[in-house]
Amino acid sequence: QVQLVESGGGLVQPGGSLRLSCVASGSVRSINTMGWYRQAPGKQRELVATVTVSGNTNYAEFAKARFTISRDNAKNTVYLQMNSLSPQDTAVYYCNCAYTTFLFRRSSSWGQGTQVTVSS
């Protein structure tokens, strides 16, 4: 089982920036792909970005020009740098982590979520 601890959310003005962090911990064989998802009120949870162990990234269309996902494998941490934020980015942002157990079974875990509010 992997536990995820998120930080960095908060209130920011339109055009501003935030950097989210998520630290993974647990007794598993390996941490694999990590990513960020978000859910706005009344909407389904949606992909923001993912990053593999080797650093390959995948972004939702809305995130390509403004967001950057990265990871530090030594710290088991994934980051999301968000720039040029708009009110449409207001949502609860969730960290996700795929992992492999010592018996080579693959699974994934979700963080509790961190609120991002973009408003003047």
Side-chain angles (χ1 to χ4, degrees):
Q1 187 72 25
V2 168
Q3 289 75 49
L4 304 175
V5 179
E6 300 147 319
S7 62
L11 175 65
V12 65
Q13 293 185 332
S17 298
L18 283 176
R19 190 189 192 219
L20 307 183
S21 299
C22 174
V23 181
S25 63
S27 184
V28 297
R29 184 176 296 275
S30 64
I31 299 294
N32 305 322
T33 298
M34 303 180 78
W36 290 95
Y37 296 72
R38 71 183 188 184
Q39 188 167 21
K43 297 183 63 179
Q44 298 261 113
R45 190 172 299 185
E46 64 179 346
L47 170 80
V48 177
T50 61
V51 58
T52 67
V53 175
S54 59
N56 292 324
T57 58
N58 180 50
Y59 294 93
E61 190 64 34
F62 68 81
K64 288 181 177 178
R66 300 179 295 126
F67 296 179
T68 302
I69 190 169
S70 61
R71 66 190 289 165
D72 186 332
N73 291 329
K75 297 180 179 179
N76 289 323
T77 301
V78 63
Y79 306 95
L80 183 68
Q81 178 67 46
M82 304 187 292
N83 300 322
S84 301
L85 287 164
S86 72
Q88 289 70 47
D89 297 312
T90 295
V92 177
Y93 284 70
Y94 295 92
C95 180
N96 183 79
C97 176
Y99 61 91
T100 303
T101 71
F102 287 108
L103 296 179
F104 296 100
R105 181 172 297 277
R106 295 183 177 182
S107 190
S108 64
S109 293
W110 291 98
Q112 290 294 301
T114 183
Q115 178 70 50
V116 171
T117 302
V118 185
S119 176
S120 58

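Treat the numbers as computed from the prediction; the structure is a model and nothing was measured.
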Considering only Ile, Leu, Val, Met, Phe, Trp and Tyr, and joining two whenever side-chain heavy atoms are under 4.5 Å apart, list the other residues clustered with V116.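 ILVMFWY cluster around V116 also holds V2, L4, V12, L18, L20, V28, I31, M34, W36, V48, V51, Y59, F62, F67, I69, V78, L80, M82, L85, Y93, Y99, V118.
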
Given a cutoff of under 4.5 Å between side-chain heavy atoms of I, L, V, M, F, W and Y, with clusters grown through shared members, what are the other residues clustered with V92?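 V92 shares its hydrophobic cluster with Y37, L47, Y94, W110.
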
If we ignore hydrogens and angles and just use 3.5 Å, is the side chain of R29 paired with the main-chain N or O of T100 as donor and acceptor?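 Absent.
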
OG1/T33 to CG/N96 distance, rounded to the nearest 0.5 angstrom?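 Result: 9.5 Å between the selected atoms.
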
R38 side, atom CZ; T114 side, atom OG1 - distance, nearest 0.5 Å: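 Output value for this atom pair is 14.0 Å.
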
Mark yes when over 12 heavy atoms from residues, nucleotides or ligands other than Q112 sit less than 6.0 Å from its CD; otherwise mark no.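 No, not enclosed.
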
Answer yes or no: is there a side-chain heavy-atom contact under 4.5 Å between S107 and T101?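 They are not in side-chain contact.
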
Going by heavy atoms in the side chains, are Q81 and S17 under 4.5 Å from each other?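 Yes, close enough: below the 4.5 Å cut-off.
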
Distance-minimising heavy-atom pair for A40 and A91: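 Of all heavy-atom pairs spanning A40 and A91, the closest is N-CB, 3.8 Å.
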
Do T52 and S54 meet the criterion of a side-chain donor-acceptor pair at a distance under 3.5 Å?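 Side-chain D/A pair, T52 to S54: present.
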
Applying side-chain hydrogen bond (donor to acceptor under 3.5 Å, both in side chains) as the test, list every pair that has at least one member in residues 4-15; sequence neighbours left out.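 side-chain hydrogen bond (donor to acceptor under 3.5 Å, both in side chains) check on residues 4-15 returns no pairs.
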
Using a strict SG to SG cutoff of under 2.5 Å, would you count C22 and C97 as disulfide-linked?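 No, C22 does not link to C97 through a disulfide.
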
